[in-house]
Amino acid sequence: MNSIYQNIQTSVSKGEQLLAVLIDPDKMEIDNVPSFISKLNGSKTTHVFVGGSTVNEKVTDILVEEIKKHTNTPIVLFPGDTNQITDKADAILFLSLISGRNPEYLIGKHVKAVSKLKDTSLEIISTGYILIESGKETAVERVTRTKPLCQDNIQNIVDTAKAGEFLGMKLIYLEAGSGALNSVSQDIIASVKAQVNIPLIVGGGIRTEKQLEQAYADGANMVVIGTAFEENESFFEYI
Ligand code: 1GP
């Protein structure tokens, strides 16, 4: 069976556009999962991401189990902390917050995760996670106690992404933060795409079909959307 990462690489080589719908366990009622996932199944969603900044123990496990009952779409953990690791998902983004300088989010949490991960069959996908300033303080900034990179210093963002690639990371994720006022700019996406040779994920503050199409046109291989679906499930009809 092809791995999720290999499938992403194949899609990228064919120029296919990938869409991940982010489900935050803190915001999704279990009873709402069947109807939400049935809309997701009828859309062009390619991946389900599950994760949040602050989620209580076991909640992710129960949610992923329920989602799995209703879809064959790959479920990828996008964890804010080690308590969101569950074997019921298919893969995990092993995120290192390379925009920040908090050792806990660069390597500390990862060491703590190993005892959990070694008992799972999760596919582990090393991901360089880059938080970019977006007009207001986001949960990622608050929880990780790191500062996002300035939108104006594009060279610094490109160099950070390139350093992630040189470190052997498999994906770069440009993150404006959930509910961001300003999504990652066109210049940033295009500049990173031009310099980096691994698949590029972009998320945060993307709320319209036009923004989604623009992000692909600028070079995003995968776009992540959470808030727009949380606020209005009929957004599935437009994608
Ligand atoms: C957040 O990039 C994701 O980590 C999605 O952001 O909720 O703003 O779509 P939104």
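What you see below is based on every heavy atom in this structure, not just the backbone, and it leaves out hydrogens, waters and symmetry mates. Residue indices begin at 1 and follow the sequence shown. Order of listing sets the numbers, starting from 1, for every ligand and every atom in it.
- Side-chain contact between Leu19 and Leu212 is present, with heavy atoms from C-beta onward closer than 4.5 Å.
- In this structure, Lys210 has no salt bridge (charged side-chain N to carboxylate O under 4.0 Å, His left out) partners at least two apart in sequence or on a different chain.
- Aromatic ring centroids of Tyr129 and Phe78 lie under 6.0 Å apart.
- Asn41 and Thr71 share a donor-acceptor pair across their side chains, judged by distance under 3.5 Å alone.
- Pocket lining of ligand 1, defined as residues with a non-hydrogen atom under 4.0 Å away: Leu22, Phe78, Tyr173, Glu175, Gly177, Ser178, Gly179, Gly203, Gly204, Gly205, Val224, Ile225, Gly226, Thr227.
- A donor-acceptor pair shorter than 3.5 Å can be found between the side chains of Asn221 and Lys193.
- By the 4.5 Å heavy-atom criterion applied to side chains, Ile23 and Phe49 are not counted as neighbours.
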